[in-house]
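So you know, we letter chains A, B, ... as the sequences are listed, proteins then strands, and number each from 1.
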Protein chains: 2
Amino acid sequence: MPDRAIQLVVQYDGTDFSGWQVQPETRTVQGVLEATLDRLAGGPVRVTGAGRTDAGVHASGQAAGATLAEHWTPERIRRALNQQLPHDVWIVAAHEMAPSFHARFSATRRRYRYVVGLRDDSWSPFRRRFLHPWPGPVAPDKAHLDWCAGQLLGTHVFRGFAVRGTAPDDDNHECEVHDCRWTKSDGLLTLEIEANRFLHHMVRFLVGTMLEIGAGRRSRADFTALLAAPDNDDVSPPAPASGLTLERVTYPAHLYLANR
Amino acid sequence: MPDRAIQLVVQYDGTDFSGWQVQPETRTVQGVLEATLDRLAGGPVRVTGAGRTDAGVHASGQAAGATLAEHWTPERIRRALNQQLPHDVWIVAAHEMAPSFHARFSATRRRYRYVVGLRDDSWSPFRRRFLHPWPGPVAPDKAHLDWCAGQLLGTHVFRGFAVRGTAPDDDNHECEVHDCRWTKSDGLLTLEIEANRFLHHMVRFLVGTMLEIGAGRRSRADFTALLAAPDNDDVSPPAPASGLTLERVTYPAHLYLANR
């Protein structure tokens, strides 16, 4: 009986997780998913994520791949998982994929959202888990943020905005940014950024530095310099994990069996 | 130096609280507020709530009263509290009130919202803490719910929908319902209900019974009978606390010093 390659679209509130990746003795999203799948499948199931989100980072559309026996149709595994998963993890959708599908290597784009809560009125307990509460009385200057976002579009080497020695494959620090924009509404400043790939801590380093520039504590020239820097010696501290959400992972349409 | 009567408008995520009211050895909203105010004021401060929400019930607009020394202006105490309160409690606003203000006895109306998550698509980890996930494949019949809501308008004796022996004052079980309506959108069924007062567990008993009628497991006649019942022997189990939020408490305008 052939197996099925399943893509799970996963939502999680990252607050109470030590990130995505399995680690001994800590609660991780991959660990919770694998333990639940093991129980359902009656044997060990490996789950591969499109990206390894850090501790405290959320997802509204993380993608995960698993190979399952044929009787697990996408809808059946989705329902079974949702009945057993804890309340802070949720399978939004499940798709059957071509056998060549790999959750990480097949992904062509990832999209993240970063939310800054501006006025303290936006820090309500209903939103607080999913934003970075801006501590200052004056909001970051949106014109500076917009300028930085414009600089990021296109292909750059992001050594200045990555944790050292953690490029996901070889020593390649090049990323192509397809979309990058800040919006401001309802007391929130929100960054949407989409790229072919991201380096470790890259979005949080970018946001941390952009907010310092927006607050007038660093110059636009610093940003330009960091985009050409050979290391991250001059980057600002990463913005807090709570503001970051992995929104969407894109795969080529031909990998979805339903599209064939 | 005269004291100030302050109304605090309080939001909380009730998930990790054993309700509003102070109890030894457990985490309650009133307990957290009093402990924080004690620290700020340098002495014991009593906080009175407009209503005692149960364990797990949320608030987007609970009202609380406290008497504070004159140097605590409303804005000053609001900021100081928000700097020290844990992340699941938040002071949205603070108002200076007339000396005769009493958070519970001066309130003329309370408004609650109850949210049922219908399709399992609405149970995302971002909303899950604040709704009751409807377990069945078929949504409750909205026409039945609307009919029940219509029956509730006006003045009734709610012995059929209250915990026995817990009427807040004397043995009075009469409440006047000013507004009561169900709406359905985006996979959610939402009840909004406003009354001069509510009895213990009343909203959750009402919702539990309405949902049973909506699911076709009880009749409309049962609802009529419960509205005239001398006790709660025939009521359905209360709906889960997670779906309930205290939205707003109304006081007469003349009690707000800013309005004078």
Heavy-atom pair with the smallest gap, counting every atom of Tyr12(B) and Pro125(A):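 Closest approach of Tyr12(B) to Pro125(A), heavy atoms only: CA-CG, 3.8 Å.
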
Please work out which of the three classes, parallel, tilted or perpendicular, describes the rings of Phe126(A) and His58(B), given edges at 30° and 60°.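 Correct class here is perpendicular.
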
Beyond-backbone contact of Arg128(A) with Gln11(B), side-chain heavy atoms, under 4.5 angstrom: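 A side-chain contact is absent here, since even the closest heavy-atom pair is not under 4.5 Å.
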
